[in-house]
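Taking it in order: structure first as structure tokens, then the write-up.
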There are 2 protein chains.
Amino acid sequence: MRRITTQDQEPVPRRNELRAQVIEAIAQTMDLYGANHSFGKLYGIMFFEDKPMTLEDMKDHMNMSKSNMSYAVRSLLDSKMITKLEEKKERKDQYVAETDFFTTFRNFFTLKLQREIDIMLVAINGVIPELSEIALTEDIADDERQECLQDLYKLRHAVSYYTWLQEFVDQLRDGDFSNQVTD
Amino acid sequence: MRRITTQDQEPVPRRNELRAQVIEAIAQTMDLYGANHSFGKLYGIMFFEDKPMTLEDMKDHMNMSKSNMSYAVRSLLDSKMITKLEEKKERKDQYVAETDFFTTFRNFFTLKLQREIDIMLVAINGVIPELSEIALTEDIADDERQECLQDLYKLRHAVSYYTWLQEFVDQLRDGDFSNQVTD
DNA sequence: TTAAGTGTACAATAATTTTTGTACGAAGGG
DNA sequence: CCCTTCGTACAAAAATTATTGTACACTTAA
């Protein structure tokens, strides 16, 4: 008769349990990358899957509707966590996870930080000229002028921050922080 | 009679409109930093406010309950976007926004990336030994052994990524990417 | 050309998150 | 010491997000 211990168990289900522990950790931490727990879990499953997955495969692994899997796939594609293959399999689209975490890190943050830079600079640069004008108006209360100057000071400081952040993003995109000396 | 144009308007409400445009941009982009639109807006308001704010001030600016402001403050404190002052004002706690975006960037990402590293390494290191054991078992199907080895390969690659990410976080924490040559 | 089946849009439902109201312990002024 | 008021915990309500079911346009195999 077989003893039942953590060491002594059928290897396949045991390996699935071990995988599940890592998948759960991925699902927990992927909130930083804008994925909810379910979508993070799906990425984790795809990370371990050695062959491309179809929506049907995902549906089965996740016990969720195909509809939701379609939605999850779009979201993971948007943040470049997964890729759609050119060729279909039995009429079904196929997807693979990006398994290099450095690449996912780079893809995600270049995307999201660039979005932040763009939105913030449009707002800030759209506001500075008129604020400067107000600050230069003659018939204005002194403390109001001070407030304007204070705002302008903060906004200029922000612009210099976003100049730095743009350089950071460019370097990240160009691989200057690269994980490996050679790839 | 005064003409009404964007140029020709009472300076105080106009400055508030201009501020509001930047505040809205902050609120929009702060989802990357785990803040919802309201909490992001509150940070934006505090960013421009030149004096410390109390919960009551926030409540008035945001038209929201003090209860929710208390919750927002806790959340912004947790991610170090704002700071609580030592001294109270008329029995009320006072808070100020961190106005240096580089500092908020550094605070937030050292915190969140360190959390990711810790969670992921605990999971991965908790799984590798047993997975190695299974891979080394003699009475095991060849393709099952291959699967284990494949998983191990991915996990070791992940460990090396997190070693790199830990260095990255340490450098960020130590100010090696600093915005300014001198502070 | 037809029939079967895929992927997604959209509306409905379920679940979660956000917001509020209330109550209460704690702190501080009188 | 008492009384006011602050800050927050907690439950209820409102709003948003996640998930499902269905329908349908589109593709492709036969």
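Proteins get letters first, then strands, A, B, ... in listed order; numbering begins at 1 in each.
- Remark: P of dC6(D) and NZ of Lys59(B) are 10 Å apart, rounded to the nearest angstrom.
- In terms of phosphate contacts, Ser38(A) brings a side-chain nitrogen or oxygen within less than 4.0 Å of OP1 or OP2 of dT19(D).
- Checked by distance alone, Arg91(A) brings no side-chain donor or acceptor within 3.5 Å of a matching partner on the base of dT6(C).
- At a cut-off of 3.5 angstrom, the base of dG21(D) holds at least one donor-acceptor pair with the side chain of Ser67(A).
- For Ser65(A), taking side-chain heavy atoms from C-beta onward, the closest of the listed nucleotides dT20(D), dT27(D), dG29(C) is dT20(D).
- Judged by distance alone with a 3.5 Å cut-off, no donor-acceptor contact links the side chain of Ser70(A) to the base of dG7(C).
- Distance Met69(A) CE to dA18(D) C1': 10 Å, rounded to the nearest Å.
- When distances run from any side-chain atom of Met64(B) to the nucleotides dA18(D), dT8(C), dT20(C), the shortest one goes to dT20(C).
- Protein atom NZ of Lys92(A) is 8 Å distant from nucleotide atom P of dG7(C), rounded to whole Å.
- For the residue pair Asp57(A) / Thr54(A), a side-chain donor-acceptor distance below 3.5 Å is found, with atom types taken as modelled.
- A donor-acceptor pair shorter than 3.5 Å can be found between the side chains of Glu116(A) and Tyr162(A).
- Rounding to whole angstrom units, CG of residue Asn68(A) and P of dA11(C) are separated by 17 Å.
- Picking from dT20(D), dT18(C), dT8(D) the nucleotide with the shortest atom distance to the side chain of Leu55(B) gives dT8(D).
- The OH-C1' distance, from Tyr71(A) to dG21(D), rounds to 17 Å in whole Å.
- In this structure, the NZ atom of Lys84(A) is 11 Å from the C1' atom of dT6(C), given to the nearest Å.
- Neither side chain, Gln94(B) nor Glu86(B), offers a donor N or O lying under 3.5 Å from an acceptor on the other.
- Remark: aromatic rings of Trp164(A) and Phe101(B) are distant, center separation not under 6.0 Å.
- Note on Asn36(A): a side-chain N or O is less than 4.0 Å away from OP1 or OP2 of dT19(D).
- Map Glu56(A) and Lys66(B) each onto its nearest nucleotide of DNA chain C; the residue landing nearer the 5' end is Glu56(A).
- Between the NZ atom of Lys88(A) and the C1' atom of dG5(C) there is a distance of 11 Å, given to the nearest Å.
- In this structure, Asp31(B) atom CG and dT17(C) atom P are separated by 16 Å, rounded to whole Å.
- Within 6.0 Å of OH on Tyr71(A) lie no more than 12 heavy atoms contributed by other residues, nucleotides or ligands.
- Using a 4.0 Å heavy-atom distance criterion, Thr54(A) is classed as making no nucleic acid contact.
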